[in-house]
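Comments concern the structure below.
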2 protein chains.
Amino acid sequence: MSDQHPFDRAIALQASEEGFEGRTSPDYANFIGPYGGITAAQCLNAVLQHRERLGDPVAFTINYAAAVADGSFQVRPRPARTNRSTQHWIVEMLQGGEVVATATALTAVRRPTWGGHEAHMPQVPAAAEVPRTRRKGVAWLERYDMRFLLGMIPRDWDGGDAQESLSRLWVRDEPPRPLDFASLVALCDVFFPRIWLRRARQTPLGTVTMTVYFHASADELEDTGGGYLLAQARGQGFAGGYFDHAGQLWSEDGELLATTHQVMYYKE
Amino acid sequence: MSDQHPFDRAIALQASEEGFEGRTSPDYANFIGPYGGITAAQCLNAVLQHRERLGDPVAFTINYAAAVADGSFQVRPRPARTNRSTQHWIVEMLQGGEVVATATALTAVRRPTWGGHEAHMPQVPAAAEVPRTRRKGVAWLERYDMRFLLGMIPRDWDGGDAQESLSRLWVRDEPPRPLDFASLVALCDVFFPRIWLRRARQTPLGTVTMTVYFHASADELEDTGGGYLLAQARGQGFAGGYFDHAGQLWSEDGELLATTHQVMYYKE
């Protein structure tokens with residue numbers, strides 16, 4: 001048990017009458033409650049662990065409906081529709097009988113087809129050549145080895161107004177862990193809030209919804225081993241208390257693994 | 001009744017015991033079943049019409065779980081969580097007791113904040129200067145006035161292999177109709193399948209999931225009137241029978257109204 005990777009401990013679920021039971025993990029604590037990426041991984045893991053599950057994840061959307069409190073939670077995945085090679089899931093995470101997150105997932109048995117990714121990895125120095133970007137403060141930051149190439153959050157919160165919020169970083173689990181769908185979905189939430197790059201001002205905020213599209217098979221994820229992923233995100237619209245970003249994650253050898261989008265709330 | 005816009009007739013819902021009843025509309029027929037954008041608009045409209053609804057749409061995800069048959073359907077929206085200024089919805093669309101679509105929506109009371117969109121409208125000729133791109137075949141194409149600037153689907157299905165799939169077009173409802181959240185979500189599905197641009201080969205396909213993020217208020221949408229929107233989409237990953245695209249829609253005067261992403265299944 002003690003040899004388990006912190007990520008595996010964090011997403012562990014016990015089968016219960018109506019689904020699964022889990023507990024938040026201090027290893028992935030954020031300022032308030034858990035890192036959103038780990039909540040996403042817990043919801044996806046409930047689908048992955050379900051005995052009726054057909055195929056592997058193709059698309060996953062999580063909606064953060066309320067702050068997740070430290071402690072136990074219930075996850076209830078339900079196959080809303082099962083076809084010959086695809087399956088549509090509705091997931092609810094609850095605490096104290098109240099919904100704290102909703103999610104939908106599409107799993108599918110994928111078949112070899114013509115392919116050819118269009119979102120190419122930008123040319124960047126290799127991960128080994130880029131120093132680790134250290135940032136302390138909350139536990140989940142210790143669970144990722146981040147190496148920023150572009151768009152780290154400001155050192156000085158001087159209220160500056162930047163024109164864009166493109167970030168690029170190498171990132172992997174710390175300690176290294178072979179990549180799978182659950183850890184990839186968690187990695188998709190690794191981006192610091194784009195508004196912090198745009199404004200250099202710590203307005204209160206939080207992710208309200210995140211979508212992940214998977215472009216690789218389980219075998220292809222496993223082949224990346226514990227290597228670094230190149231993660232990129234850029235803000236799109238910022239207005240009326242909500243902004244979104246669009247992101248991509250590639251393996252170290254340039255294969256597109258996931259595309260991801262999210263909306264964050266911000267206060268001012 | 002006969003004066004109603006075809007779009008309003010298509011998304012009309014009658015309250016029922018467990019939600020709403022609607023009917024597919026021949027005005028928005030696709031090759032098989034209805035245009036996916038109208039199914040999305042029907043699901044969102046069920047949230048908009050719900051008497052407990054709080055605020056306006058911020059994010060919406062629809063999962064197309066099965067082919068929608070011509071005829072009647074039920075839509076069941078449920079507020080999974082209601083907070084002070086935000087509300088999370090789970091929606092199911094059914095036919096014959098089987099789920100044909102699932103959706104989640106976030107509605108919120110938006111407040112004025114700092115803002116500044118980062119996804120800028122590309123410089124393009126005005127809609128009035130671009131001739132209408134006529135394409136016949138299925139009914140829903142008649143419901144949109146499309147004026148392609150870039151990335152129309154091939155005239156010759158010669159199996160050519162293009163490197164990219166960027167499309168830009170001016171588009172509005174036909175006949176013109178003042179923009180609202182329901183019509184905007186339908187417009188987000190207006191893009192022809194990216195794989196047709198990449199390959200010039202008509203492989204069977206269909207959208208399996210679409211997400212829309214809204215960046216404008218109800219008033220701002222209404223202000224665009226029946227004007228053209230600039231719609232842009234580009235493919236990202238294509239492998240194992242599924243590809244995705246990322247898109248943006250701006251008002252004629254360059255205001256970002258929505259960002260959207262979707263995954264399509266393709267056969268070969």
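All chains are named by letter (A, B, ...) in the order of the sequence lines, taking the proteins before the strands, and each is independently numbered beginning at 1. For the numbers below, each heavy atom of this structure counts, side chains included, while hydrogens, waters and symmetry mates do not. Since the model is a prediction, treat every value here as computed from it, not as a measurement.
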Does atom CG of B:Leu150 have more than 12 heavy-atom neighbours, drawn from other residues, nucleotides or ligands, at distances under 6.0 Å?
->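 Enclosed.
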For A:Glu222, does the CD atom sit with more than 12 other heavy atoms under 6.0 Å from it, leaving out its own atoms?
->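 No - once you tally the heavy atoms of other residues, nucleotides and ligands closer than 6.0 Å, there are 12 at most.
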What distance separates B:Glu268 CD from A:Arg111 CZ, expressed to the nearest 0.5 Å?
->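 One gets 12.5 Å once the value is rounded to the nearest 0.5 Å.
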Quick one: pull up CZ in B:Arg78 and CD1 in A:Ile90 and give me the separation to the nearest 0.5 Å.
->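 One finds 7.5 Å between CZ of B:Arg78 and CD1 of A:Ile90.
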For chain B, which candidate among [options] shows the most heavy-atom pairs at distances under 4.5 Å?
options	value
A:His120, A:Gln262, A:Lys267	A:Gln262
A:Thr113, A:Leu106, A:Val58	A:Thr113
A:Thr259, A:Thr209, A:Leu256	A:Thr259
A:Gln87, A:Arg234, A:His88, A:Glu92	A:His88
A:Arg199, A:Glu164, A:His215	A:Arg199
A:Gly115, A:Gly237, A:Ala119, A:Ala258	A:Gly237

With a 4.5 angstrom heavy-atom cut-off, could you sort out which part of [X] is near chain B: side chain, backbone, both or neither?
X	answer
A:Ala65	both
A:Ser165	both
A:Tyr64	backbone
A:Ile62	neither

Passing option when A:Asn63 is tested against B:Thr104, B:Thr86, B:Thr61 for side chain to side chain donor-acceptor pair (under 3.5 Å) =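 That would be B:Thr104.
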Most chain A-contacting option - heavy-atom pairs closer than 4.5 Å, from B:Thr102, B:Thr82, B:Val100 |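 Highest number of pairs under 4.5 Å: B:Thr102.
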Part of [X] lying under 4.5 Å from any heavy atom of chain A:
X	value
B:Leu94	neither
B:Arg198	side chain
B:Ala80	both
B:Thr211	both
B:Ile195	side chain

Side-chain heavy-atom pair B:Tyr213, A:Gln236 within 4.5 angstrom cut-off |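 Not touching, per the 4.5 Å side-chain cut-off.
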Is any side-chain heavy atom of B:Thr203 closer than 4.5 Å to a side-chain heavy atom of A:Trp114?
->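 Answer no - side chains too far apart.
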Once the angle between the rings of A:His261 and B:His261 is folded into 0 to 90°, is it parallel (under 30°), tilted (30 to 60°) or perpendicular (over 60°)?
->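 The rings of A:His261 and B:His261 lie parallel, inter-plane angle below 30°.
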Sort by residue number and list every member of residues 239-248 of chain A having a non-hydrogen atom under 4.5 Å from chain B.
->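 Residues in range: A:Ala239, A:Gly240, A:Gly241, A:Tyr242, A:Asp244, A:Gln248.
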Under the ring pair (Phe, Tyr, Trp, His ring centres under 6.0 Å) rule, collect the residues that match up with B:Trp89, sequence neighbours excluded.
->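 Per chain and number, B:Trp89 pairs via ring pair (Phe, Tyr, Trp, His ring centres under 6.0 Å) with B:His50.
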